[in-house]
Amino acid sequence: MTASNASGFPVRSASVVLAQTNIDTDQIIPARFLSTTERRGLGQHAFNDWRWREDGSANPDFAFNQPHNAGRSVLLAGRNFGCGSSREHAPWSLRDLGLQVVVSSEIADIFRGNALKNGLLPVVLPEAVVQDLMTRPDDVLTVDIEARELRTPDGTVHTFPLDAFARTCLLEGVDEMGYLLARSAGIQHYEDTHHAR
Amino acid sequence: MTASPKTLFDKLWDAHVVIPETEAAPAVLYIDLHLIHEVTSPQAFTELRARGLKPRRPDRTKATMDHSTPTLPAGPDGRLPYASEASEKQVATLARNCAEFGIELFDMSSDQRGIVHVIAPEQGFTLPGMTIVCGDSHTSTHGAFGSLAFGIGTSEVGNVLATQCLLQRRAKTMSITVDGALAPGVGAKDVILHAIGVIGVNGGTGHVIEYRGSTIEAMDMEQRMTLCNMSIEAGARAGMVAPDEVTFDWIARTPRGPKGADFDAAVAHWRTLRSDEGARFDVEVHIDAADIRPTLTWGTHPGTAIGVDVPVPAPVDAAERKGQDYMRVVAGQPLAGMPVDVVFVGSCTNGRLRDMREVADVLRAHRVAPGVRMLVVPGSEIVKREAEAEGIDAIVRAAGAEWREPGCSMCIAMNGDLVAPGQLAVSTSNRNFEGRQGPGARTLLASPTTAAWAAVRGVVADPRERFSDHREVA
Ligand code: SF4
């Protein structure tokens with residue numbers, strides 16, 4: 001989907017830290033908020049059960065409720081972020097919350113794919129690097145898709161893997177459905193040769 | 001020159017490549033069967049409409065409603081007790097989308113409706129050799145038939161609706177070989193929980209798992225579906241089992257599978273769908289069936305699996321400590337003996353006839369312990385009818401448990417069936433994440449036998465007691 005892809009990179013932002021490992025998509029957006037037929041408006045429920053108390057008030061201990069984290073668009077998360085369900089509502093809610101980049105030492109497959117389709121960049125770096133970044137969340141990081149680099153203010157450069165196709169899509173705003181539609185002739189040929197029985 | 005030996009995954013992948021992958025772009029992969037449900041499809045249809053498109057192959061698309069549907073019957077006014085207006089609207093939206101675009105829908109009035117991963121194999125839509133996707137991570141279930149089946153996001157649901165194709169990078173391969181006989185009271189759910197415990201909650205990331213070995217070959221289709229279902233809980237893209245006579249027998253009995261000469265021709269092809277002798281996997285794991293005990297989870301992800309009588313390990317990091325605090329388990333003590341509030345039997349993992357029978361086996365001679373709420377939710381209308389024909393509903397009710405209408409129910413707690421804050425549930429579903437079964441709910445994943453035995457004992461207990469000890473006659 002094209003909506004938000006091309007804009008916004010490189011990102012320059014300090015980070016919000018959620019050090020916990022295995023943050024699953026049920027934590028990112030609990031199932032009871034999936035009864036929507038829209039993509040928008042899920043940001044208020046991102047990390048809902050950690051963010052809001054039962055009486056509806058904000059949990060002051062939770063990172064996203066702390067005033068100094070307001071407006072930050074990079075999330076530093078513990079290993080195996082985004083495991084669990086295939087709900088695209090997870091990256092929708094994180095984008096709606098204002099995030100553009102998630103950094104972790106491991107990011108679950110389906111979440112990673114869903115994130116890329118919504119202009120949320122998954123950045124996988126070695127665990128030691130992520131741990132180190134977590135000790136300095138106020139550093140303004142530069143996340144550069146073109147160079148596949150995350151740069152810290154002291155000049156350290158961390159390159160991260162990014163699929164060439166995903167990179168092109170993010171940079172040029174190419175959308176996958178359009179790309180596939182443009183290959184209709186090939187798809188027709190496949191159907192003709194494989195299903196003609 | 002002989003071709004190098006291929007894995008089952010390689011064969012399925014190669015047969016579905018429309019345009020091969022390159023450094024610059026993923027492969028265009030053809031999808032044979034697209035399953036949709038109410039929760040992850042509405043925005044995809046919106047996108048289709050916005051672009052003025054129609055589904056390319058509505059005939060290869062099947063729809064059901066399962067996640068947010070009530071499991072209680074309609075009230076006196078004939079209305080179904082939906083948990084919210086939003087849920088009802090979501091279900092209605094699916095019905096409208098299917099009607100507009102000519103997609104076959106198993107709706108609330110259908111006597112074949114049920115959880116998407118239960119009904120597609122039941123109908124004979126799921127066949128060996130297929131690529132199958134659904135906006136649902138447990139699509140891996142269908143791999144039990146020797147298909148390449150995996151979960152996708154809503155944007156991809158839109159892509160498949162529009163083009164019947166997906167952009168995919170080839171996955172790595174992993175084999176999990178299980179050999180030997182399972183002990184009485186130990187089943188497929190214990191095998192997969194044990195396996196996830198061995199490889200870890202992210203141990204399968206980037207891989208497609210093929211389950212093999214004598215233990216797997218001895219399993220029926222329902223057990224193989226339980227196994228493949230939870231592949232995603234190890235982070236794997238998909239799980240699969242090579243098709244064999246057991247698979248063909250199942251398909252022969254389905255209403256919509258191939259018939260007559262078509263069936264015979266299909267079987268001849270399906271027999272070629274196995275990993276060649278000498279095929280190499282990127283990762284190979286071996287498990288001895290004799291090592292597998294009745295297994296449950298102690299933490300807040302499915303990788304925290306241990307034998308029922310094994311002490312909970314000391315936490316290795318802050319996340320595990322948080323998980324143990326949330327679950328209120330004590331390191332050094334086994335799960336056996338923990339008092340249970342709720343027992344849930346159902347879901348696409350364990351909501352099939354075999355699972356209902358396992359529960360009835362336990363409940364036939366016992367009552368649910370006082371203070372325990374037990375919900376038994378068949379995975380489909382067909383499972384429900386077949387179970388009722390065997391009197392299982394009566395056994396369940398007589399034991400003091402609830403027998404419900406088919407749906408996802410307490411597995412995802414979207415439909416109003418939920419575990420109260422702080423309560424401990426032993427569940428046959430697939431996820432024990434914080435709040436998965438309701439805010440503050442604590443979930444232990446287990447087999448139907450272990451779950452039913454916990455309901456009877458009122459505490460987590462070793463179901464092997466039934467085969468060795470006096471309690472069975474008590
Ligand atoms: S039963 Fe649970 S895991 Fe299976 S499809 Fe329904 S919600 Fe998903």
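In what follows, every chain begins at residue 1, and chains take the letters A, B, ... in the order their sequences are listed.
At a 4.5 Å heavy-atom cutoff, the contact between Thr93(B) and chain A is made by side-chain atoms alone. At a 4.5 Å heavy-atom cutoff, Ala83(B) makes no contact with chain A through either its backbone or its side chain. Neither the backbone nor the side chain of Asn48(A) comes within contact range of chain B; no heavy atoms are under 4.5 Å apart. In this structure, chain A has no heavy atom under 4.5 Å from any part of Asn415(B). Only the side chain of Tyr190(A) comes within less than 4.5 Å of a heavy atom in chain B; its backbone stays farther off. Heavy atoms closer than 4.5 Å to chain A are found nowhere in Asn430(B), neither backbone nor side chain. Heavy atoms closer than 4.5 Å to chain A are found nowhere in Leu418(B), neither backbone nor side chain. Only the side chain of His89(A) comes within less than 4.5 Å of a heavy atom of chain B; its backbone N, CA, C and O stay farther away. Heavy-atom distances place the side chain of Ile232(B), and not its backbone, under 4.5 Å from chain A. Heavy atoms of Phe33(A) lying under 4.5 Å from chain B are absent altogether. If you measure heavy-atom distances from His16(B) to chain A, the contacts under 4.5 Å come from both the backbone and the side chain. If you measure heavy-atom distances from Val91(B) to chain A, you find no contacts under 4.5 Å at all. Heavy atoms of Arg112(A) lying under 4.5 Å from chain B belong exclusively to its side chain. Proximity to chain A (any heavy atom under 4.5 Å) is shown, for Ala162(B), by both the backbone and the side chain. Residue contact with chain B, scored on non-hydrogen atoms closer than 4.5 Å, involves the side chain of Ile110(A) exclusively.
Per-residue counts of heavy-atom pairs under 4.5 Å with chain A were compared for Glu85(B), Glu38(B), His138(B), Arg57(B); the largest is that of Arg57(B). Among Thr21(A), Asp24(A), Asn114(A), the residue with the largest count of heavy-atom pairs under 4.5 Å with chain B is Asp24(A). Interface remark: of the candidates Gly440(B), Ser68(B), Pro26(B), Pro26(B) forms the most heavy-atom pairs closer than 4.5 Å to chain A. Of all the listed residues (Arg87(A), Glu54(A), Gln20(A)), the one sharing the greatest number of non-hydrogen pairs under 4.5 Å with chain B is Gln20(A). Chosen from Ala318(B), Ala15(B), Cys134(B), Ser84(B), the residue pairing most often with chain A at heavy-atom distances under 4.5 Å is Ala15(B). Taking Gly235(B), Pro302(B), Gly206(B), Ser41(B) one by one and counting their heavy-atom pairs under 4.5 Å with chain A, the maximum is reached by Gly206(B). Note: Val201(B) leads Val201(B), Thr22(B), Thr40(B) in heavy-atom pairs under 4.5 Å with chain A. When each of Gln164(B), Arg169(B), Lys89(B), Glu23(B) is checked for heavy-atom pairs under 4.5 Å with chain A, Arg169(B) comes out on top.
One distance of note links OG1 of Thr300(B) with CD1 of Ile23(A); it measures 10.5 Å at 0.5 Å rounding. The CG atom of Asn22(A) lies 11.5 Å from the CD atom of Glu434(B); values are rounded to the nearest 0.5 Å. The distance from atom CG of Asn159(B) to atom CD of Glu176(A), rounded to the nearest 0.5 Å, is 5.5 Å. Atom-to-atom distance recorded for Phe433(B):CZ and Asp49(A):CG is 14.0 Å, nearest 0.5 angstrom. Going from atom OG1 of Thr205(B) over to atom CG of Asp109(A) covers 6.0 Å, rounded to the nearest 0.5 Å. Atom CZ in Arg56(B) sits 5.0 Å away from atom CD in Gln188(A) (nearest 0.5 Å).
Across Gly135(B) and Ser86(A), no two heavy atoms sit closer than the pair C-OG, 3.5 Å. Minimum heavy-atom separation, Ala86(B) to Ser35(A): CB-O, 3.2 Å. When all heavy atoms are compared, the tightest approach of Gly186(A) to Val18(B) is O-CG1, 3.5 Å. Scanning all heavy atoms of the two residues, the minimum distance from Gln90(B) to Thr36(A) falls at NE2-O, 3.1 Å.
Donor-acceptor pairing under 3.5 Å is lacking for the side chains of Arg436(B) and Gln27(A). When only modelled atom types and interatomic distance are considered, Ser155(B) and Glu88(A) share a side-chain donor-acceptor pair under 3.5 Å. Looking at Gln43(B) and Trp92(A), their side chains never bring a donor and an acceptor atom within 3.5 Å of each other.
Using a cut-off of 4.0 Å between Lys/Arg side-chain N and Asp/Glu carboxylate O, Asp175(A) and Arg51(B) are scored as salt-bridged. Taking a cutoff of 4.0 Å between a charged side-chain nitrogen and a carboxylate oxygen, Glu191(A) and Arg60(B) do not qualify as a salt bridge.
Residues Leu167(B) and Leu180(A) meet the side-chain proximity criterion, which asks for heavy atoms closer than 4.5 Å. At least one side-chain heavy atom of Asp32(B) sits under 4.5 Å from a side-chain heavy atom of His195(A). Looking at Arg183(A) and Ile19(B), their side chains come closer than 4.5 Å, going by heavy atoms from C-beta outward.
Crowding of Glu146(A) atom CD: a count of heavy atoms from other residues, nucleotides or ligands under 6.0 Å not exceeding 12. By the neighbour-count criterion of 12 heavy atoms within 6.0 Å, atom NE2 of His189(A) is sparsely surrounded, having that number or fewer from other residues, nucleotides or ligands.
Between the side chain of Arg431(B) and the backbone N or O of Gly84(A), at least one donor-acceptor pair lies under 3.5 Å.
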